[in-house]
Amino acid sequence: MTERNQQRYETQTIEAKWQAYWEAHQTFRTEESGAKPKAYILDMFPYPSGAGLHVGHPEGYTATDIIARFRRAQGYCVLHPMGWDAFGLPAEQHAIRTGTHPRETTVANIANFRRQLKALGFSYDWSREIDTTSPDYVRFTQWIFLKLFERGLAYQQEVPVNWCAELGTVLANEEVKDGLSEVGGYPVTRVPLRQWVLRITAYADRLLDDLSLNEWPASTKQMQEAWIGRSRGCQVRFAVDQAPQVDGDEPLVLDVFTTRPDTLFGVTYLALAPEHPHLKALTAADQANAVAAYVEAARHRSDLDRKAAKTKSGVPLGTCARHPLSGEPIPLWVADYVLGDYGSGAVMGVPAHDERDFDFATICGLPIKQVIVRDDPTRAADIAPPGVLDAAVCEPGRLVNSAEFSGLTSDAASEAIAAALEAASAGKVAVQYKLRDWVFARQRYWGEPIPILFPVETTGDPRAGADYRIDYSQPIALNASELPLTLPDLEDFRPGSDPAGALARALDWRFVQRDGRWFARETNTMPQWAGSCWYYLRFIDPHNPKCIADPTKLREWLPVDLYVGGAEHAVLHLLYARFWHKVLFDVGAVPTPEPFAKLVHQGMILGEVEYGVYRDATGQPVSRTDVDLRADPPVRRADSAPLSLERVAPDQVTKNKRGDFELARDAGVVLEARAHKMSKSRGNVVSPDEIIQSFGADSMRLYEMFMGPLEATKPWNTQNIQGVRRLVDRAYQIARSADRTLRVEDCAESEALTRALHRTVRKVTEDIEALRFNTAISALMVLTQTLQDLVRVPQAAAETLALLMHPFAPHLGEEMWACLGHPPSIQSVPWPSFDPALCESDTIEVPVQINGKVRGRLTLRRGLAEAEVLAQAQSLEAVALNLEGKALIKTVWVPDKILTLVVR
RNA sequence: GCCGGGGUGGCGAAAUGGCAAACGCAGGUGACUUAAAAUCACCCGAGGUAACCCCUCCUGCGGGUUCGAGUCCCGCCCUCGGCACCA
């Protein structure tokens, strides 16, 4: 190498040059596929935050970019787009703080994100860029809402919602953590509010069943299954003694859902949730005060309290219901372990066969009646005497004490009892879901307006201050031709105390007159999920003015072939998008039942590993093993002295025998050693800008792919980029110095070189297909080393290296290709092929094992028979030595792999 | 508590049931250099021997299946995610 020109690869100028070339030549513009096979390769598009990209974003984006470039080289027609999920709370809060219009913030943030993505050399078709806040896009988000509305899938409801006064908005259950808002950590209280709700529960079965159509991670499917939470059981109807009449003259009955109708004769009480609508009516006069006090206390208990208090509590209502089959009286109770919003808000208490009911009955002194015994002939007599059961028997078994059903198995009894209930008009087979309808209204400014009008009764012009009353019971859809309904310009974006939101103050926008009558617009906006529910459809035909996308094009491109994004979206985004897709499928707007055929989650990239030592107030170091970490701040176990955690530089750390890290000059002091999630507050965020600045975009891409498996959680380490940076330099030098006159066959090492080339092509091709980028890069490093060791590198060998390298390091690939005398772009060159026969050598080296230990090696021709291999093995000195005086019991010859001898 | 993923050198990691540690970082030695950086070459799990050969041990812990287990089975421990009274 010494006489070769060692000019270092100049990342700044070379990368800028090729990015400009791609832009000028529209290299990655998607062609309409025609006869070619198609590949729709999609990233989860980002929310363009003010902080810009962090290194976690490019991980998934690099993976899809590699696949996109690889597929193009293989002759696929590739759709690989990018856009912006640009509505959202941060821009609005920034607006509230600074008075800058969210539109301005959003435009600036998008420009910054786009610059950063382009600096990484991603091969997006930028002519398809989407912004969910643009009127062109909002038009169709609203159009889809109208479809939902037309089909009765969007309705209004007074819902007890999580109202956050600080944010001035309602939060979804999943946005509330421990009684505080997930964003900002403000207190949340439950208040009834008129909301738009989407009837996702109507699609529960299909959302569950169609998961099987998708090639998704099993864990993600399981999470969606758990979220939908389908359980089959029985709806049981309990008549109530002296039933009050509600809603007309029907006497009140209590419906409860159970998955265990076989335990029906074990019911000893019914428990109602504190939120149960008819609780008051069911309470006896002498219990009214006690019940009211209990309900009030439950209402004030935050989620936090309810989590802390594990013991159950309740108050009797002083009234009874009737067992639907036996007619026995069953006392009614209110208990806060019953959830108000699941099932009917009431449960039948079967203490003998349900852990929670058992706890409750034990605490409240209710009877425990066993009706199931284990169905085990060897232990026939294990019916506990009355009152002696020490834990609930939850497994199915055989029935006892259950009238004519005694003796049946749980399965048979469940069916028989359901039938008996049905015959008595006291119940039916039923399915219950955990999934709830989706609250789809936010009291915010920066979201899509909901395209609905309400009639207004008014004395004059409500915009001018006339009195008015809005009739929310008569929602009127806007006409599709009136879309998009855009946001009014506001000066003040604060939601204010009015739960109707900031838009309620935009009187000129809110009130419209038609045919002399006044109407009011809906002032709620859509949640941020709306835009991301269908953006993958718009990418297919982003400028279509007439419909979400041309049906022909949708048929051509759907479903998405590969969708890559974070596992944090495993449930919400992916479930909501599937729901909308199915509705659009029913409408006839999309041709497939499911949107995303294959899904992969990239793992999280953590900050650099940090070491820390605990110290007490005097500065004395305290071993981690002596620290009680449950306290806040952590304390020393011995005396509960409060401790602080101090960072320790990595070079002051050693590892001890037990595998713990210790202070190098203070052995025995065990350290805290962990990589943490990157966060601003921790100060461990790495920006792609600085990495590109010092190492180049190709090294950034290569490093993130080389760190480990795509799906794994991995700690960042800037120092490790050195390795892939060297790869870039070496590959570049090979291209610069390649000999254009030398053919591979004429090279001195021709046979070995041919084999190395074919094997590397095979390895890289297979690894890219399987998204094993780390091992593909490792193979490229090996090939680079092989070529570097040659005295003269044949042109064809350097070309193969360039072609294999370019999906990972596209700027380098183009530069190598140019150095090798070819016009751009390398992207238009077909992917190299390999010949399996040329991947293998004629001779192989196989180990010879004796009792599991390698004692020798044989160099053999392929395809030898066992007898011959054994003969050769026995002639090896080391093998002969180990066989001496022993009996050969067994030989195992795995052809061309390994020979194992078992001796005694 | 339940459901998932994971525990392999100083570090990131690799390994269709078939030679554990490929590839890379860091470290060490040498070459080049006045010197440093960069680059190049070699070494680099632990212990015994200690110059080499060689031997022994080693994939969180304990069992099992197998000629052969990081990989499969059973029982634990630790760790990271998710869910959490769902009747």
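To find a chain, count down the sequence lines: A is the first, B the second, and so on, and within it residues start at 1. Keep in mind that the numbers below use all heavy atoms, side chains included, and drop hydrogens, waters and symmetry copies.
- Look at CG on A/N851: it is 15 Å from P on B/C55, rounded to the nearest Å.
- A/V892 comes within contact range of at least one nucleobase, with a heavy-atom separation under 4.0 Å.
- Looking only at atom types and distance, the side chain of A/D255 has no donor-acceptor partner in the side chain of A/S344 under 3.5 Å away.
- Counting non-hydrogen atoms under 4.0 angstrom, A/R772 reaches nothing in the nucleic acid.
- Of the P atoms belonging to B/C83 and B/U65, the separation is 42 Å, rounded to the nearest Å.
- Dashed line: the shortest gap from a side-chain N or O of A/R726 to OP1 or OP2 of B/C25 is under 4.0 Å.
- Glycosidic torsion of B/G60 falls outside 90° of 0, placing the base in anti.
- Between B/G24 and A/Q719, no contact under 4.0 Å exists linking OP1 or OP2 to a side-chain N or O.
- Comparing B/U79 with B/C73, their C1' atoms are spaced 23 Å from each other, to the whole Å.
- For the pair A/E610 and A/R647, the salt-bridge criterion is met [side-chain N within less than 4.0 Å of a carboxylate O].
- Of the residues in residues 218-226 of chain A, A/S219, A/Q222, A/M223 come within less than 4.0 Å of RNA chain B through at least one heavy atom, sorted by number.
- Comparing B/A50 with B/G60, their P atoms sit 33 Å apart, to the nearest whole Å.
- Among the atoms of the strands shown, base atoms are found under 4.0 Å from some heavy atom of A/V894.
- At whole-Å resolution of the value, CZ in A/R736 and P in B/U39 are 16 Å apart.
- In this pair, A/W716 and A/Y703 present their aromatic rings perpendicular. The plane angle is above 60°, beyond the 30 to 60° band.
- A donor and an acceptor atom, one from each side chain of A/D205 and A/Y433, are located under 3.5 Å apart.
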